[in-house]
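First comes the structure, then the notes that go with it.
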Amino acid sequence: MVSGPTYGQRRGAGIGLIVALIIAAISIFRYFGSSSVNPTTGEKQRTGGITPRQEIALGLQAAPEMIRQYGGAGGDARGQALVDRVGQQLLAGSDLKNSPYPYQFHLLNDNRTINAFALPGGQVFITRALLQRLKTEGQVAGVLGHEMAHVAGRHSAEQLAKQQLTQGLTGAAVMASYDPENPNSRNTAAVAAAIGQLVNLKFSRNDEVESDRLGVRFMSQAGYDPRGMIGVMQVLKAAAGGGRTPEFFATHPNPENRIPRIEEAIREQFPEGVPNGLRK
């Protein structure tokens, strides 16, 4: 005779489901119950209650370690002066001036890693390896404008809030589906965790697309030719070579796939065509 689940097993499963529902409800309420309007982009966003002051503190705290990992700062006074000048031009001449963040620009003494990134709160970094490959001041503006857009768009705070939501819902799914008496339920838990990771990667790619669009806007407002950002993508494409991670599993869209979106953003900014006289 095949016996059904015991009372203790049914009771344990019922408690697990209740706990899962509570976890899911708290996660959803925390995410959707906290929203604000970004003063720079004008968009309503959910940042999990993280304030700009907290973002600034996080960035300042993390900056020394990032500088250390990339070989320190300095080593190229002229390059640092160029980065500072372009960054300040973008800050003073565009909607970035409405941002609450005290931007600082760092040229990292790394001649091998082609990279640029930003920490929450206004810490912006570019490696010497990337700067040396850029051919115009407009391309430098394209890199910095994109990274400053990440900061102004509060993408770090949004990403953290989304991760908290996803982790909460994933935890609820695992709690609801996992059965200690059934080893196969572990596969369900693993699938739920993998889906959560992929969802967060998609958010990151969307942030990259938005930063390209905002970067075009900030560059144009500050007097730079936004087509410099297309030049940046061509530099990155040449540097990437073969063997890239497939775009679906990467946090950054492939450079060649970003170019059409940048061109579209340029057409939206200048429907009659890019005017003459912008800084190349």
- Establish, from distance only, whether the side-chain atoms of Asp76 and Gln80 form a donor-acceptor pair under 3.5 Å. no
Distance-only donor-acceptor pairs under 3.5 Å for side chains of residues 119-126, two or more places apart:
unit_1	atom_1	unit_2	atom_2	d
Gln123	OE1	His106	NE2	2.7
Gln123	NE2	Gln104	OE1	2.8

- Item | Test: Glu65 and Arg68 ion pair at under 4.0 Å | yes
- If you draw a 6.0 Å radius around CD in Gln61, do more than 12 non-hydrogen atoms from other residues or ligands fall strictly inside? no
- Check: Pro226 main-chain N/O paired with Ser220 side-chain donor or acceptor under 3.5 Å: no
- Spacing of Arg133 atom CZ and Leu236 atom CG [to the nearest 0.5 Å]: 10.0 Å
- Which of parallel (below 30°), tilted (30 to 60°) and perpendicular (above 60°) describes His146 and His150? perpendicular
- How far apart are the closest heavy atoms of Gly71 and Asn109, and which atoms are they? O-CB, 3.6 Å
- Using the rule that two of Ile, Leu, Val, Met, Phe, Trp, Tyr join whenever any of their side-chain heavy atoms come within less than 4.5 Å, decide whether Val232 and Leu90 are in one cluster. yes
- Query: CD1 of Ile262 to CE of Met219: how many Å apart, nearest 0.5 Å?
  - Reply: 9.5 Å
- Distance (rounded to the nearest 0.5 Å) between Arg78 CZ and Leu82 CG: 9.5 Å
- Kindly compute the distance separating CG (Asn257) from NZ (Lys237), expressed to the nearest 0.5 Å. 9.5 Å
- Message: Any salt bridge linking Arg213 with Glu210? Criterion: basic side-chain nitrogen under 4.0 Å from a carboxylate oxygen.
- Response: yes
- Could you tell me the separation between the CD atom of Glu263 and the CD1 atom of Ile230, rounded to the nearest 0.5 Å? 4.5 Å
- ILVMFWY network linking Ile56 to Phe117, side-chain heavy atoms under 4.5 angstrom: no
- Salt bridge Asp95-Arg217, side-chain N to carboxylate O under 4.0 Å: yes
- Message: If I take atom CG from residue Asp225 and atom CD1 from residue Ile266, how far apart are they, to the nearest 0.5 angstrom?
- Response: 7.0 Å
- Query: Is it true that the side chains of Tyr101 and Arg154 contain a donor and an acceptor less than 3.5 Å apart?
  - Reply: yes
